[in-house]
Participant: 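A single structure is presented below for examination.
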Amino acid sequence: MTGTDHTAQQEADPHSVGRRRFLGYVLAAPTLMAAAELVAAPEAQADIPSPEVTELVDLNDVMTVAALPTSGLITVEVNHDGTVSFALPRAEVGQGITTSTAMLIAEELDVPVERIQVTLADARPELLFNQLTGASNTTISTYTPVRVAAAIARGRLLEAAASRLGAPVSELTLKAGVVTGPSGRSVGIGALSAQAAGVRTQRVAVALKPREEFTVIGKPHSRVDALAAVTGRKTFAMDLTVPDAQPTMVCRPPTINGKVGSVANLTEVRGMPGVTDVVTISTGVAVRARTFGQCIDAVRALRVSWKPGSAEGKSDETVLKELQAAELPLGLPPLTPSVEGKFTFYFRSNSALETNCAVADVRPDRAEIWSSLKAPIVAKEAIAAKLGLPLGAVTVHVTEGGGSFGRKLFFDAALEAVEISRKIGKPVKLMWHRADDSRQGRAHPMATSRVRIAYLGNTVLSYKQRHTSVATDLSHGLGEIFTALAAKLPVGDIGFSETFFQLSQSMPYNFGANSRLLSETDKSFNTGSMRNVYSPDATCARELVVDQLAEKMGKDPFRIRRDFLRDDRSRAVLEKVAEVGQWGRTMPAGTAQGIAFHSEYHAVSAVLAEIDCRPETVERPIRNGVAGPRVTRVVVAVDVGLAVNPRGLEAQMMGCVMDGIALTLTSSLHLRDGHFLEASWDNYFYTRQWNTPPEMDIIVMPTTTGKPGGAGELGVAASMAAVACAYGRATGTMPTSFPVNHGTLSFDPKPTVPPIPESPTDGLGHVR
């Protein structure tokens with residue numbers, strides 16, 4: 001936000017906020033604490049070229065507006081030692097938001113980033129919609145509140161320094177956490193903290209720095225947690241030392257959501273070395289022992305009779321038939337020429353680098369939980385209800401997470417840990433096995449997508465897309481119990497999913513009358529809002545058909561996109577990847593370029609990918625894997641408006657590219673007889689070294705809108721689509737099933753009983 005002018009109406013209304021002036025609070029506290037007051041609605045947008053819903057309001061806008069009323073409950077605190085503390089009500093799962101948040105505070109407070117201590121806030125139900133991590137919303141929704149709180153703190157420190165140094169505020173400078181007066185006398189902000197603190201809560205006005213004065217925001221910065229991460233000092237849930245919390249694992253059913261019938265050898269397993277407890281729970285049989293190795297031995301030794309699961313007998317083929325039966329009609333064939341495509345997307349694992357885990361200590365009158373949670377308020381409220389405890393008797397600590405991709409929107413592990421701890425009366429440190437995540441964890445739903453584009457001459461008349469999916473579990477809602485419950489209702493879940501779909505999908509092209517509809521079916525699977533949710537599949541389908549449209553119209557794939565894109569900002573990213581990637585350059589037979597565009601959450605992206613589909617590449621030997629085509633180069637251009645940390649944005653885009661390659665070429669779960677065959681990463685083929693592009697260019701476009709757009713998921717859809725389009729051009733056949741290698745099962749499935757595979761012992765034999 002730039003500028004300092006107030007209109008006459010704004011000056012007359014003390015509750016109105018100017019373009020750069022805001023209201024906030026100095027809170028009554030021993031040390032300086034400041035908070036924002038943000039209740040204004042977002043500015044209306046003008047000059048909308050067509051009634052495209054997401055240009056008026058999208059899911060991110062809804063989440064941002066919902067978070068505003070409780071922004072004043074989030075505070076910046078200046079400590080006596082000159083550091084600054086901030087408890088971020090979001091989950092750091094590797095996306096770098098603790099770094100970008102520290103940068104926002106450092107900018108307004110003129111304190112080095114290294115002295116900003118960003119921690120993760122415990123679950124705080126009073127924040128309502130302001131503690132959900134998702135939809136690439138963190139930086140958008142916190143950008144202004146965090147800066148306002150820091151700016152208020154800065155103003156109070158300068159006022160205190162003026163009194164201490166005997167000079168007017170206008171003659172003071174605050175730099176690197178030190179206030180200096182005209183005579184050269186100086187004082188650190190730590191020494192001023194108590195003096196600047198409020199004895200009572202006081203409302204104040206503040207002006208934010210204009211963008212032209214930024215020295216931190218918009219400049220590349222390394223992650224504040226990078227050293228801790230690479231030296232093993234970063235603390236995740238399993239690193240915590242909670243008194244008497246011992247390793248715990250669960251013996252899980254051979255089919256999805258099966259239930260325990262009986263256990264034949266409970267006494268025997270309870271007597272195994274190190275085992276302290278073995279109990280039956282709602283999801284299996286829990287084992288607590290002195291070490292995780294002893295847990296694994298006990299889980300493998302259990303002899304359990306299982307009841308059928310929710311997906312009993314189902315396979316890829318049967319689910320595909322269900323999807324086809326649920327597909328909504330595209331309508332009568334148009335009277336003008338048209339192009340159509342139908343695409344199938346198989347189940348994909350939502351398995352993050354860190355497996356699902358939680359620590360729980362449940363007592364008769366209280367409960368305390370530690371876990372990486374993206375919706376901690378729902379977790380706290382659900383746990384309190386499950387235990388029959390008052391909300392205030394349940395404490396939920398949010399730990400840092402080793403990856404998420406949407407997985408940590410759900411608190412399955414926390415609920416299990418609570419159930420186990422209550423049942424045995426002892427604290428537990430629950431960790432899922434990698435096989436648990438692949439077979440019983442959250443999966444990206446299997447889906448089909450059909451697209452029809454009608455045209456006449458050089459004009460596109462209409463665009464229709466009908467996306468049909470196994471039901472996506474959105475029962476995390478918007479981060480609190482009310483929308484979470486609504487999303488579970490028999491009718492509410494349909495409306496919630498459709499609303500989510502419509503507010504997260506955009507039509508970036510001037511394609512005449514366009515409609516996109518979602519149909520969902522089959523709730524027998526554990527699904528989740530995997531990174532970018534509906535967009536990778538929906539965008540991939542659209543961009544492939546755009547390539548077919550280009551061929552029918554006799555146009556170049558880049559040119560047709562450029563000609564039909566709605567605005568200059570979108571065209572700029574497309575033109576940039578075409579320029580840097582040398583679109584249209586001569587390439588050997590069996591190799592090709594693909595180009596794609598995707599927009600969401602006030603940000604735009606374009607990707608150019610080059611692929612090698614020649615036989616010598618596709619058929620090269622890979623141990624226990626399918627080599628397939630190789631992506632040899634990727635160029636990404638992104639415009640997120642204002643990139644708070646360009647280096648962090650580049651890292652996000654690299655991760656998005658890896659996701660996109662995996663979704664197109666190799667990454668899927670195979671469903672047979674009610675269970676997934678994959679049991680770990682040795683047979684779940686996320687992007688491997690043999691498919692990683694040797695050349696990658698990430699281009700962060702100059703600031704356009706002046707405020708941040710969503711970035712965490714932005715590059716996945718465009719990357720998937722660009723690789724798919726490149727594959728189609730290299731092979732001469734448009735791919736219609738994803739990943740393209742799903743039909744080849746390159747491994748011998750591990751048994752489902754016992755549920756945890758035997759630990760490998762031959763790893764050194766495969767070193768080359």
Side-chain angles (χ1 to χ4, degrees), residues 88 90-104 106 113-114 118 133-140 142-143 216-231 234 236 352-354 372 374 400-408 531-532 536 573 576-577 580 598 600-601 603-607 609 631 633-663 686-687 689 691-703 708-720 722:
L88 178 65
R90 299 293 189 277
E92 171 66 78
V93 289
Q95 74 275 50
I97 56 174
T98 49
T99 301
S100 57
T101 300
M103 292 174 67
L104 298 179
V113 172
E114 294 71 25
V118 178
T133 308
S136 303
N137 182 251
T138 295
T139 303
I140 292 177
T142 63
Y143 177 71
V216 181
I217 296 175
K219 305 298 188 293
H221 199 286
S222 297
R223 290 181 58 125
V224 296
D225 57 353
L227 181 61
V230 300
T231 56
K234 194 170 181 181
F236 301 96
L353 182 61
E354 176 193 32
S372 177
K374 298 176 78 171
E400 296 209 35
S404 175
F405 311 114
R407 177 67 182 92
K408 291 176 172 64
R531 193 180 191 185
N532 221 192
V573 296
K576 178 58 71 171
V577 297
V580 174
H598 177 67
E600 66 176 25
Y601 306 148
V604 296
S605 64
V607 175
V631 178
R633 187 183 185 193
V634 171
V635 181
V636 181
V638 293
D639 181 345
V640 297
L642 172 64
V644 173
N645 183 10
R647 185 169 297 156
L649 178 59
E650 289 175 5
Q652 287 273 30
M653 292 306 109
M654 290 179 187
C656 287
V657 168
M658 296 306 117
D659 281 357
I661 293 172
L663 294 174
Y686 187 79
T687 302
Q689 194 64 44
N691 282 326
T692 302
E695 295 183 64
M696 187 183 303
D697 296 289
I698 311 293
I699 302 155
V700 177
M701 302 292 280
T703 294
E713 301 165 292
L714 177 65
V716 180
S719 297
M720 180 183 184

Participant: Heavy-atom distance under 4.5 Å between the side chains of Val607 and Val577, does that happen here?
Facilitator: no
Participant: Taking all non-hydrogen atoms of both residues, which atom of Val644 and which atom of Pro708 are closest, and how far apart?
Facilitator: CG2-CG, 4.2 Å
Participant: Drop me the distance from Arg90's CZ to Thr138's OG1, to the nearest 0.5 angstrom.
Facilitator: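 Rounded to the nearest 0.5 Å, the CZ-OG1 separation comes to 5.0 Å.
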Participant: Find out whether Leu104 and Ile217 are in side-chain contact, i.e. whether some heavy atom of one side chain is under 4.5 Å from a heavy atom of the other.
Facilitator: yes
Participant: Could you state the interatomic distance from CG (Asn137) to OH (Tyr143), rounded to the nearest 0.5 Å?
Facilitator: 15.0 Å
Participant: In Å, rounded to the nearest 0.5 Å, how long is the span from OG of Ser100 to CD of Gln95?
Facilitator: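 So the OG of Ser100 and the CD of Gln95 are separated by 8.0 Å.
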Participant: Under a 4.5 Å cut-off applied to non-hydrogen side-chain atoms, are Met720 and Asn532 in contact?
Facilitator: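 Result no, sub-4.5 Å side-chain heavy-atom pair not found.
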Participant: Taking Glu713's backbone N and O only, do any of them form a donor-acceptor pair with Ser136's side chain (distance below 3.5 Å, no angle check)?
Facilitator: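 Checking the backbone N and O of Glu713 against the side chain of Ser136, a donor-acceptor pair under 3.5 Å is found.
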Participant: Can you give the donor-acceptor pairs under 3.5 Å from side chains of residues 692-699 to other protein atoms, not counting sequence neighbours?
Facilitator:
{"from": "Thr692", "atom 1": "OG1", "to": "Arg688", "atom 2": "O", "distance (Å)": "2.9"}
{"from": "Asp697", "atom 1": "OD2", "to": "Arg633", "atom 2": "NH2", "distance (Å)": "3.0"}

Participant: Is the backbone of Gly403 close enough, under 3.5 Å, to the side chain of Lys408 for a donor and an acceptor to pair up by distance?
Facilitator: yes
Participant: Taking all non-hydrogen atoms of both residues into account, name the closest pair between Val640 and Ala711 and its distance.
Facilitator: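 Looking at all heavy atoms of both residues, the closest pair is CG1-CB, 4.0 Å.
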Participant: Quick one: closest heavy-atom pair of Arg223 and Thr99, and the distance?
Facilitator: CA-OG1, 3.3 Å
Participant: Decide yes or no for Tyr601 and Leu714: does some side-chain heavy atom of the first lie under 4.5 Å from some side-chain heavy atom of the second?
Facilitator: no
Participant: My understanding is that only residues two or more places apart in sequence, or in another chain, count here; which of them pass side-chain hydrogen bond (donor to acceptor under 3.5 Å, both in side chains) with Arg407?
Facilitator: Asp412
Participant: What's the separation between atom CD in Glu114 and atom NE2 in His221, rounded to the nearest 0.5 Å?
Facilitator: 4.5 Å
Participant: Atom CD of Glu400 and atom NZ of Lys234: how far apart are they, to the nearest 0.5 Å?
Facilitator: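 Reported value, rounded in 0.5 Å steps: 4.5 Å.
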Participant: Supply the atom-to-atom distance Ser719 OG to Leu663 CG, rounded to the nearest 0.5 angstrom.
Facilitator: 9.5 Å
Participant: Is Met701 close to Val604 at the side-chain level, that is, under 4.5 Å between some pair of heavy atoms?
Facilitator: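 The answer is no, as the side chains (C-beta and beyond) never meet within the 4.5 Å cut-off.
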Participant: For Ala91, is there any backbone N or O sitting under 3.5 Å from a side-chain donor or acceptor partner on Thr133?
Facilitator: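 Here the side-chain-to-backbone pair exists.
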Participant: With sequence neighbours excluded, give me every salt bridge (charged side-chain N to carboxylate O under 4.0 Å, His left out) pair touching residues 636-662.
Facilitator: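 For residues 636-662, and leaving out neighbouring residues, the salt bridge (charged side-chain N to carboxylate O under 4.0 Å, His left out) pairs sorted by first residue read Arg531-Asp659, Arg569-Asp639.
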Participant: So which atom in Val716 and which in Pro536 form the shortest heavy-atom distance, rounded to 0.1 Å?
Facilitator: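 Residues Val716 and Pro536, closest heavy atoms: CG1-CG, 3.7 Å.
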Participant: Any side-chain heavy atom of Glu92 within less than 4.5 Å of one from Val118?
Facilitator: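 Answer no - side chains too far apart.
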Participant: Between Tyr686 and Ala662, what is the shortest heavy-atom contact and its length?
Facilitator: CD1-CB, 3.8 Å
Participant: If you take all heavy atoms of Ala352 and Gly402, which pair is closest and at what distance?
Facilitator: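 Closest pair (atom of Ala352, atom of Gly402, distance): CB-O, 4.0 Å.
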